[in-house]
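For reference, the structure is listed below as structure tokens.
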Amino acid sequence: MPRIIDGLDDGGLWPADPGAAATVQERLAGRVRTEPLDLGGVSLVAGLDVSYAPGDTALVAAAVVMDPATLEVVDSAVAATEPRFPYVPGLFAFRELPSLLKALEGLGTEPDAYVCDGFGLAHPRRFGLACHLGVLLDRPVLGAAKSAFVGRAEAPGPERGSWTPLLDGGEVVGRSLRTRAGVKPVFVSVGHRVDLDSACELLLRLTPRYRIPEPIRRADRLSRDRLAEASAAKG
DNA sequence: GCGACAG
DNA sequence: ATCTTGTCGC
């Protein structure tokens, strides 16, 4: 259901080489908007993730749509493809976005916001996966990463909900957020049409029990299961 | 030059 | 990301 907005064509997702990919990011970075998101208007949230087969021989991208109030799954879709871009730190979107967009095409619903497994503005060119997806769809997107990439953050307080700024070159590019007491924090950053306060508030709503936000956990499980089924079918 | 480096 | 057993703890 969601689609790339008019004027962006293929979203610059098929660069000839890493140098061209970085140029695409620099060109599109100016389109990112940071603004408050009215959580009252968010009734459908999509979580995205990708699983890979050993040797990069196959991948499955998954999108799981949930009601943030009940955390009930209302829709989901997958896309089984092959990697067409290597994993290069800083160019993550060129590896995952084509397949994720294909999965989104299979949804029967229109999510109000998206949660990516990775970074947004906390990126060398301030244009991580969450920004790229947000700009292509022109929808609210936030990034939630499990480990650091750029910048540094002090350890947040031990209780759920406490956070510290993620700083890169004196610039606030995200937050280190404790989603659960006693576990390692998650790194939150703005992708598009959301600000850090809204992003953290939404993320905490989506993370009632485990460290990882529920939509991403579900997408991770779905993509992993589908990948296993596919490889089992082949032998 | 060397190490670090989202998934 | 993926390869991998048992094990400590709620």
Side-chain angles (χ1 to χ4, degrees), chain A residues 13 18 21-22 24-25 29 32 47-64 78-103 114-135 141-153 158 160 166-169 173-177 179-192 196 199 203 208-213 215-232 234:
Chain A
L13 289 172
V24 168
Q25 294 179 327
V32 173
L48 277 37
D49 197 21
V50 180
S51 291
Y52 298 85
D56 257 17
T57 52
L59 70 78
V60 173
V64 174
V78 298
T81 67
E82 287 180 3
R84 294 190 180 178
F85 200 90
Y87 170 66
V88 180
L91 302 179
F92 192 40
F94 300 92
R95 177 167 171 78
E96 300 214 329
L97 256 192
S99 302
L100 286 172
L101 289 169
K102 198 169 179 182
Y114 299 79
V115 182
C116 285
D117 193 357
F119 286 105
L121 291 175
H123 176 277
R125 289 169 290 280
R126 304 293 182 259
F127 199 72
L129 172 66
C131 294
H132 209 139
L133 177 66
V135 165
V141 181
L142 66 89
K146 298 180 288 297
S147 62
F149 185 27
V150 298
R152 290 191 47 177
R160 167 181 149 84
L166 175 62
L167 298 167
D168 185 35
V173 295
R175 284 180 189 173
S176 176
L177 175 68
T179 55
R180 183 189 174 181
V183 302
K184 194 177 146 191
V186 163
F187 296 94
V188 182
S189 58
V190 169
H192 188 52
L196 280 173
L203 208 64
R209 179 168 182 188
Y210 301 104
R211 176 187 177 228
I212 303 303
I216 289 185
R217 287 189 70 239
R218 303 300 294 255
D220 177 78
R221 273 180 34 180
L222 178 57
S223 63
R224 197 184 305 255
D225 291 349
R226 284 308 189 79
L227 184 65
E229 291 170 18
S231 26
K234 288 179 181 177

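Note on naming: letters A, B, ... go to the chains in the order of the sequence lines (proteins, then strands), and numbering restarts at 1 for each one.
As a whole-Å value, the separation of A:Asp56 CG from B:dG7 P is 16 Å. One atom, CZ of A:Arg152, and another, C1' of B:dA6, lie 18 Å apart when rounded to the nearest Å. Taking atom CD1 of residue A:Ile216 and atom P of nucleotide C:dA1, one finds them 11 Å apart after rounding to whole Å. Distance A:Phe187 CZ to B:dC5 P: 11 Å, rounded to the nearest Å. Remark: P of B:dC5 and OH of A:Tyr87 are 10 Å apart, rounded to the nearest angstrom. Summarising the geometry, the separation between CZ on A:Phe94 and C1' on B:dG7 is reported as 15 Å, rounded to the nearest angstrom. Rounded to whole angstrom, the span from the CG atom of A:Asp117 across to the C1' atom of B:dG7 amounts to 7 Å. Rounding to whole angstrom units, CZ of residue A:Arg84 and P of C:dA1 are separated by 23 Å.
When the side-chain nitrogen and oxygen atoms of A:Lys146 are compared with OP1 and OP2 of B:dG7, one or more of them lie within a distance under 4.0 Å. Between A:Arg224 and C:dT2 there is a side-chain polar atom (N or O) within less than 4.0 angstrom of OP1 or OP2. Remark: A:Ser147 is not in phosphate contact with B:dC5, judged by side-chain N or O atoms under 4.0 Å from OP1 or OP2.
Ring-plane geometry between A:Phe85 and A:Phe94 is classed as tilted, the angle between the planes lying from 30 to 60 degrees on a 0 to 90 degree scale.
Across all strands, A:Leu91 comes closer than 4.0 Å to base atoms (heavy-atom distances). As judged by a 4.0 angstrom heavy-atom cut-off over every strand, A:Ala148 is placed among residues touching the sugar-phosphate backbone only. Among the heavy atoms of the strands lying under 4.0 Å from A:Asp49 are primed sugar atoms or P, OP1, OP2 only; no base atom is included. Among the heavy atoms of the strands, none lies under 4.0 Å from A:Leu59. Among the atoms of the strands shown, none is found under 4.0 Å from any heavy atom of A:Gly55.
Stacking here means ring centres nearer than 5.5 Å and ring planes tilted less than 30 degrees, and by that measure A:Tyr52 does not stack onto B:dG7. B:dA6 has no base stacking with the ring of A:Phe92 when judged by centroids under 5.5 angstrom apart and an interplanar angle below 30°.
With no hydrogens or angles considered, a side-chain donor-acceptor pair links A:Tyr52 and A:Glu96 at under 3.5 Å.
At a threshold of 4.0 Å, the pair A:Arg84-A:Asp56 does not count as salt-bridged, since none of the basic side-chain nitrogens sits closer than that to a carboxylate oxygen. The residues A:Asp49 and A:Arg218 are annotated as not salt-bridged, no charged nitrogen and carboxylate oxygen being separated by less than 4.0 angstrom.
Residues passing the ring pair (Phe, Tyr, Trp, His ring centres under 6.0 Å) test with A:Phe127, sequence neighbours excluded: A:His132.
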